[in-house]
Asker: 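One structure coming up, written as structure tokens, with questions to follow.
Since we're looking at a predicted model, the values are computed, not measured. Both counts, for ligands and for their atoms, begin at 1 and track the order of listing.
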Amino acid sequence: MDTPARLTIRRPDDWHVHLRDGAVLAGVAPHTARQFARAIVMPNLSPPVTTVAAARGYRERIVAAAPGFTPLMTAYLTDATDAGELVRGQAEGVFAAAKLYPANATTGSAHGVNDIARLMPVLAAMEKIGLPLLIHGEVTDSAVDIFDREAVFIERHLAGIVRELPGLKVVFEHITTAQAVDFVESAGANVAATITPQHLHLNRNALFEGGIRPHAYCLPVAKREVHRLALRRAATSGSAKYFLGTDSAPHAVSAKEAACGCAGIFNAAYALESYAAVFEEEDALGRLEAFASQNGPAFYGLPRNEGTVTLVREDHVVPDIIEAGGTPIVPFHAGETLRWKIA
Ligand code: NCD
Ligand code: ZN
């Protein structure tokens, strides 16, 4: 198929993003808002966003940083979460979803859930009111190989949650394995997944190319090539179960390039262009709009955005560093040439 020189799609949304707070928020939010009308905003601030009041305040700070942009707020689930707070937050139009981090699974998850079994009453309340559960699907058992933690999470936890609460809307976030794709495929329409650009571009070799590469490190960590290929097939399949979620997770260069560098890839600045490259390589540009602009709102029960965004075929080099409110951050694809550019 000939590649068109321009591609116009309905304005997309990002169904999983970390915007941080303070000066960094002011620096990164405009990058997301340039491309996306709305985004599901992760609550792993310090302290985490666990209450309606905290989410409301955070929402105001985001809108101040990116006027016109619509942040969709999430509640951070803990061992102490009160279902009543979630019900009230949804009723008041604040919470669009709740996020489950297994305790200590990733950056900013220290206050996460230690015992998922004890959270079941809260999840049952979410099922009842139709509040989606967003899951960081990795076990934290140090005896489990880090590359197996997502697949083991499915067996130990996710399969049971979905079986016991068949009406619960579940987004299996930032999936990285063929096992996750198989699980989502075999589940009902209430189970969907987000897929990041980095997991479509990188396999685990990228972490060790000529030396250790901290800017390719995020959690869940990239897996073998066979998994990347499964994710590419899923994202570009046209299935309504997969939608765009960047997991853009900015960290200062100094926090990444360290003896214990932290997990997270900042991809917000060129996210749509990055996905477009994948869809073009898979000869599926015609399916980018469903993935980016249709499947997410359909799952969340929200209207599609009005307006469009146009990508033009134009080579551009991604900068080595992006300053976000005084913090230097290395963006995904730094120094590489991207073929699509937002007009
Ligand atoms: C995220 C972060 O830095 O907040 N990091 C990451 O590697 N994705 C946390 C998360 O989503 O796991
Ligand atoms: Zn994330």
Asker: What part of Asn44 sits under 4.0 Å from ligand 1 if we count only heavy atoms: the side chain, the backbone, both or neither?
Answerer: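 Just the side chain.
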Asker: Tell me the angle that OD1 of Asp247 and NE2 of His16 form around the Zn ion (ligand 2), rounded to 10°.
Answerer: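 Vertex the Zn ion (ligand 2), arms to OD1 of Asp247 and NE2 of His16: 90°.
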Asker: What is the ring orientation for Tyr270 with His316, classed by angle as parallel under 30°, tilted 30 to 60°, or perpendicular over 60°?
Answerer: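 Ring orientation, 0 to 90° scale: tilted.
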Asker: Within the 4.0 Å heavy-atom shell around Ala249, which atoms of ligand 1 are there?
Answerer: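 Reading through ligand 1 atom by atom, the close ones are 1 (C), 2 (C), 3 (O), 5 (N).
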Asker: Is Glu289 salt-bridged to Arg304, cutoff N-O under 4.0 Å?
Answerer: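 Looking at Glu289 and Arg304, the cut-off is not met.
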Asker: Among Ile9, Thr8, Leu7, which one satisfies side-chain contact (heavy atoms from CB on, under 4.5 Å) with Thr310?
Answerer: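 Testing Thr310 for a side-chain contact (heavy atoms from CB on, under 4.5 Å) against Ile9, Thr8, Leu7 leaves exactly one candidate, Thr8.
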Asker: To which of Gln198, His251, His18 does the heavy atom nearest atom 3 (O) of ligand 1 belong?
Answerer: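 Shortest heavy-atom distance from atom 3 (O) of ligand 1: His251.
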Asker: Under the salt bridge (Lys or Arg N to Asp or Glu O under 4.0 Å) test against Glu282, which residue among Arg287, Arg233, Arg232 passes?
Answerer: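 Of Arg287, Arg233, Arg232, salt bridge (Lys or Arg N to Asp or Glu O under 4.0 Å) with Glu282 is met by Arg232 alone.
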Asker: Considering Thr196, Thr246, Leu219, Leu45, which one's heavy-atom position lies nearest to atom 7 (O) of ligand 1?
Answerer: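 Considering heavy atoms of Thr196, Thr246, Leu219, Leu45, the nearest to atom 7 (O) of ligand 1 sits in Leu219.
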Asker: Can you tell me which residue among Asn295, Asp13, Val171 is in a side-chain contact (heavy atoms from CB on, under 4.5 Å) with Tyr300?
Answerer: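 Checked Asn295, Asp13, Val171 against Tyr300; only one passes side-chain contact (heavy atoms from CB on, under 4.5 Å): Val171.
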Asker: Can you pull out the closest protein heavy atom to atom 8 (N) of ligand 1? Residue, atom name and distance to 0.1 Å, please.
Answerer: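 Sorting protein heavy atoms by distance from atom 8 (N) of ligand 1 puts Asp247 OD2, 2.7 Å first.
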Asker: Can a donor-acceptor pair be found between the side chains of Thr337 and Asp315 at a distance below 3.5 Å?
Answerer: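 The answer is no; no qualifying pair exists.
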Asker: Check this for me - ligand 1, Gly264, N or O atoms closer than 3.5 angstrom, yes or no?
Answerer: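 Yes, since at least one N or O of Gly264 sits under 3.5 Å from an N or O of ligand 1.
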Asker: What class does the angle between the rings of Phe183 and Phe172 fall in, given that below 30° is parallel, 30 to 60° is tilted and above 60° is perpendicular?
Answerer: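 Phe183 vs Phe172 ring planes: perpendicular.
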Asker: Regarding ligand 1, does Ala263 bring an N or O atom to under 3.5 Å of one of the ligand's N or O atoms?
Answerer: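 Checking ligand 1 against Ala263, an N or O pair does fall under 3.5 Å apart.
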Asker: I need the single residue from Lys341, Arg339, Arg34 that forms a salt bridge (Lys or Arg N to Asp or Glu O under 4.0 Å) with Glu273. Which is it?
Answerer: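 Of Lys341, Arg339, Arg34, salt bridge (Lys or Arg N to Asp or Glu O under 4.0 Å) with Glu273 is met by Arg34 alone.
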Asker: Could you tell me whether Glu323 atom CD has more than 12 heavy atoms of other residues or ligands within 6.0 Å of it?
Answerer: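 Yes.
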Asker: Have a look at ligand 1 and work out which part of Arg20, if any, has a heavy atom under 4.0 Å from it: side chain, backbone, both or neither.
Answerer: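 For Arg20, only side-chain atoms sit under 4.0 Å from ligand 1.
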Asker: Ligand 1 versus His136, non-hydrogen atoms closer than 4.0 Å: side chain, backbone, both, neither?
Answerer: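 Near ligand 1, His136 shows its side chain, while the N, CA, C and O stay back.
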Asker: How far is atom 9 (C) of ligand 1 from its nearest protein heavy atom, and which residue and atom name does that atom have?
Answerer: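 Protein heavy atom at minimum distance: Thr106 OG1, 3.4 Å.
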Asker: Closer than 4.0 Å to some heavy atom of Cys218 - which atoms of ligand 1 meet that?
Answerer: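 This gives 7 (O) as the contact atoms.
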Asker: Is there an N/O/S atom in His136 that lies less than 2.8 Å from the Zn ion (ligand 2)?
Answerer: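 False for His136.
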Asker: Touching ligand 1 at all, Lys99? Heavy atoms, strictly under 4.0 Å?
Answerer: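 So Lys99 does not count as touching ligand 1.
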